[in-house]
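Each remark here refers to the structure printed beneath this line.
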Amino acid sequence: MPDSQLAQTVAALQPRARTELAELVAFKSVADFAQFPKSESERAAHWIADALQAEGFEDVALLDTPDGTQSVYGHLPGPAGAPTVLLYAHYDVQPPLDEDAWISPPFELTERDGRWYGRGAADCKGGMIMHLTALRALKEHGGVPVNIKVIAEGSEEQGTGGLERYAEAHPELLTADAIVIGDSGNFRAGLPTVTATLRGMTMVHVQVDTLEGNLHSGQFGGAAPDALAALIRILDSLRAEDGSTTVHGLAADATWDGLQYSDADFRKDAKVLDGVELIGTGTVADRLWARPAVTVLGIDCPPVVGATPSVHASARALVSLRVPPGIDAADATKLLAAHLEGAAPWGARVGVEQVGQGQPFRADTTSPAYASMAAALREAYDGKEMQTSGLGGSIPLCNTLAGLYPEAEILLIGLSEPEAQIHAVNESVSPDELERLSLAEALFLQRLAERG
């Protein structure tokens, strides 16, 4: 780490950071209240509100957003005339998936092999701790030199748009000169990276109906149209033989000219099994950051255990489509729905319902704030130069903020490097990354104040 008093202070704050991250990870704040109690998300929101109040934030509030979740807001006044910086993170997390597959309990922060494991440790409760650590370090060295606003979202992982709609209805709330989105990550641990682009996304339910009710497969199978079989054919039509996404009318041939991702590194990061091929064409960077990608997230059908010999009358799936900058997510949704409906075999009835959507995003990496961030990351990472990459995931709020505040400079950093395995079992965060990025954020805020 750099030999500076600020760096030493950030290092001294790491035990507190670990303790508080453990407290925050312990809340099962999955914003799908059919799976986890709403009270878990509410407790996480209250924890963040209390933490902001303890740091001297004013106007701390739990904002009831239109999707039934809460976002946490607070304002920390800085010197008169100083810039205003909005710091973003989200406290909701993905479900733990198969809890038995976790080496340690998903909602219990556990140190192992130099990393801290737990759901949300990197995505994005660690981002909230990063913000708090940076601010605390600055307070010990003359105070926070800019005006700070913090917004912690409660439903980012669900893509239900609660905070976007709230911000649109209250545009004065999040105004800022610069916005730091703490929800992306370095291209590789130890390589300082800002995210230049985000894919947008749309999610739809596709419902297939063929019969008034299930039928005995011995008595009717062979002539009765099977809704589950129809659904499988529809979903299969979304991919070419090589696995490329093929939605009729949706361009899928763009290329990525920036930082590249080797096949070997990707196979290692994604833990692809030996002998299993990668899907799609073009470079890995093309496929992740420049082209659309479809994923079947779930299918409603009987599990193998307890299944009966029946021809199924109905079946349903949740389908996600990621879209790169240059493609409008609303247009992509229409094309996806038309494709799904047009691919129905045997005259099966198909209904498509949109359940989530977010636009892609492209940052202006030539803005002055990026020069300040580059200098901050260079110091925090022992002279390593800042890299820019894309991010295959989506942060719908980015486009909302860019539309509401076109003069604001938006920067994306965070803790979700490949080893973090976000959204998967055994998610973890690197303590070194948390320390360095907390320092980088503090240095960035100092440089931004100097720039004025």
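A donor-acceptor pair under 3.5 Å links the side-chain atoms of R267 to the main chain of V276, judged by distance alone. Judged purely by atom type and a 3.5 angstrom limit, R119 uses its side chain to pair as donor or acceptor with the backbone of Q94. Put simply, the side chain of R362 never gets that close to the backbone of T197: no donor and acceptor are under 3.5 Å apart. Panel note: side chain T400, backbone E168; no donor-acceptor pair is recorded below 3.5 Å. Under the 3.5 Å distance criterion, the side-chain polar atoms of R447 are left unmatched by any main-chain donor or acceptor of A371. For D59 (side chain) and H75 (main-chain N/O), no donor-acceptor pair under 3.5 Å exists by modelled atom type. At least one donor-acceptor pair under 3.5 Å links the side chain of K139 to the backbone N or O of E55. T110 places a side-chain N or O within 3.5 Å of a backbone atom of E108 that can act as its donor or acceptor partner. The backbone N or O of G190 lies less than 3.5 Å from a partner atom in the side chain of E433, making a donor-acceptor pair. A side-chain donor-acceptor contact under 3.5 Å links E427 to the backbone of D123.
Taking the six-membered ring for Trp, Y73 and F57 have ring centres at least 6.0 Å apart.
The nearest pair of heavy atoms linking V30 to S41 is O-OG, 3.9 Å. When all heavy atoms of A380 and R436 are compared, the pair lying nearest together is O-NH1, 2.8 Å. Considering every non-hydrogen atom in both A363 and I410, the closest pair reads CB-O, 4.0 Å. Shortest non-hydrogen contact noted between A440 and A376 is O-CB, 3.4 Å. Heavy-atom minimum distance, H339 versus V247: ND1-CA, 3.7 Å. When every heavy atom of L415 is checked against every heavy atom of A420, the shortest pair comes out as O-CB, 4.0 Å.
Between L250 and L321, the closest side-chain pair of non-hydrogen atoms falls below 4.5 Å. Counting heavy atoms from C-beta outward, Q158 and D32 have side chains that approach closer than 4.5 Å. You'll find the side chain of D257 reaches within 4.5 Å of the side chain of T255, heavy atoms only. When side chains are defined from C-beta on, P360 does not count as touching I327, because their heavy atoms never get closer than 4.5 Å. Between I413 and E441, some side-chain heavy-atom pair lies under the 4.5 Å cut-off. Side-chain contact check for S416 versus S184: every heavy-atom pair is 4.5 Å or farther apart. Residues P368 and R451 have side chains in contact (heavy-atom distance under 4.5 Å, counting atoms from C-beta outward). Using a 4.5 Å heavy-atom threshold, the side chains of R287 and L278 count as touching.
With sequence neighbours excluded, no residue forms a salt bridge (charged side-chain N to carboxylate O under 4.0 Å, His left out) with D364.
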Legend entry - Test side chain to side chain contact (heavy atoms under 4.5 Å, CB included) applied to T69 and D92, step by step: CA-CA 10 Å; T69 65; D92 68 305; over 6 Å; no
Legend entry - Stepwise side chain to side chain contact (heavy atoms under 4.5 Å, CB included) test for V206 and R316: CA-CA 6 Å; V206 52; R316 189 173 71 148; 5.9 Å; no
Inset, instruction - Decide salt bridge (Lys or Arg N to Asp or Glu O under 4.0 Å) for E111 and R18; before the verdict, give the C-alpha distance in whole Å, the side-chain angles of both, and the deciding distance to 0.1 Å. - result: CA-CA 10 Å; E111 186 167 357; R18 187 192 187 285; 3.6 Å; yes
Inset, instruction - Could you go through the salt bridge (Lys or Arg N to Asp or Glu O under 4.0 Å) check for E20 and R16 one step at a time? - result: CA-CA 6 Å; E20 291 188 334; R16 182 177 183 181; 3.4 Å; yes
Inset, instruction - Under the salt bridge (Lys or Arg N to Asp or Glu O under 4.0 Å) rule, what do R378 and E385 come out as? Steps first, then yes or no, please. - result: CA-CA 5 Å; R378 187 185 307 115; E385 293 296 331; 3.0 Å; yes
Legend entry - Derivation and outcome, side chain to side chain contact (heavy atoms under 4.5 Å, CB included), residues V319 and V294: CA-CA 7 Å; V319 177; V294 70; 3.6 Å; yes
Inset, instruction - Show the numbers, then the answer: is there a side chain to side chain donor-acceptor pair (under 3.5 Å) between R322 and S394? - result: CA-CA 8 Å; R322 304 280 182 168; S394 305; 2.8 Å; yes
Inset, instruction - Apply the test side chain to side chain contact (heavy atoms under 4.5 Å, CB included) to residues L318 and V296: give CA-CA distance (whole Å), side-chain angles for both, the deciding distance (0.1 Å), then the verdict. - result: CA-CA 6 Å; L318 177 62; V296 179; over 6 Å; no
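Side chain to side chain, R112 and S104 meet the donor-acceptor criterion of an N or O pair below 3.5 Å. Donor-acceptor pairing under 3.5 Å is recorded for the side chains of Q357 and T333. A donor-acceptor contact under 3.5 angstrom links the side chains of E153 and Y88, judged on distance only. H90 and E156 are linked by a side-chain donor-acceptor pair at a separation below 3.5 angstrom, with hydrogens and angles left out of the test. For the residue pair R115 / S428, a side-chain donor-acceptor distance below 3.5 Å is found, with atom types taken as modelled. Side-chain atoms of D432 and S430 form no donor-acceptor pair, as typed in the model, at a separation below 3.5 Å. Counted by atom type alone, T65 and R165 present zero donor-acceptor pairs between their side chains at under 3.5 Å.
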N/O donor-acceptor pairs under 3.5 Å from side chains in residues 42-51, not counting sequence neighbours:
from: R43; atom 1: NH1; to: E40; atom 2: OE2; distance (Å): 2.9
from: W47; atom 1: NE1; to: E23; atom 2: OE1; distance (Å): 2.9

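Residue pairs satisfying the side chain to side chain donor-acceptor pair (under 3.5 Å) criterion with at least one member in residues 171-182, sequence neighbours excluded, are listed as follows: K149-T175.
For E277, the CD atom sits in a loose shell: 12 or fewer heavy atoms of surrounding residues, nucleotides or ligands are nearer than 6.0 Å.
A cation-pi contact, defined as under 6.0 Å to the ring centre and within 45° of the axis, is absent between R199 and W289.
The aromatic rings of Y166 and H170 lie parallel to each other, their planes meeting at an angle below 30°, with 60° marking the opposite boundary. Between F187 and Y261, the ring planes lie perpendicular to each other; the angle is over 60°, past the 30° to 60° tilted range.
Of the candidates K38, K125, E157, K125 is the only one forming a side chain to side chain donor-acceptor pair (under 3.5 Å) with S29.
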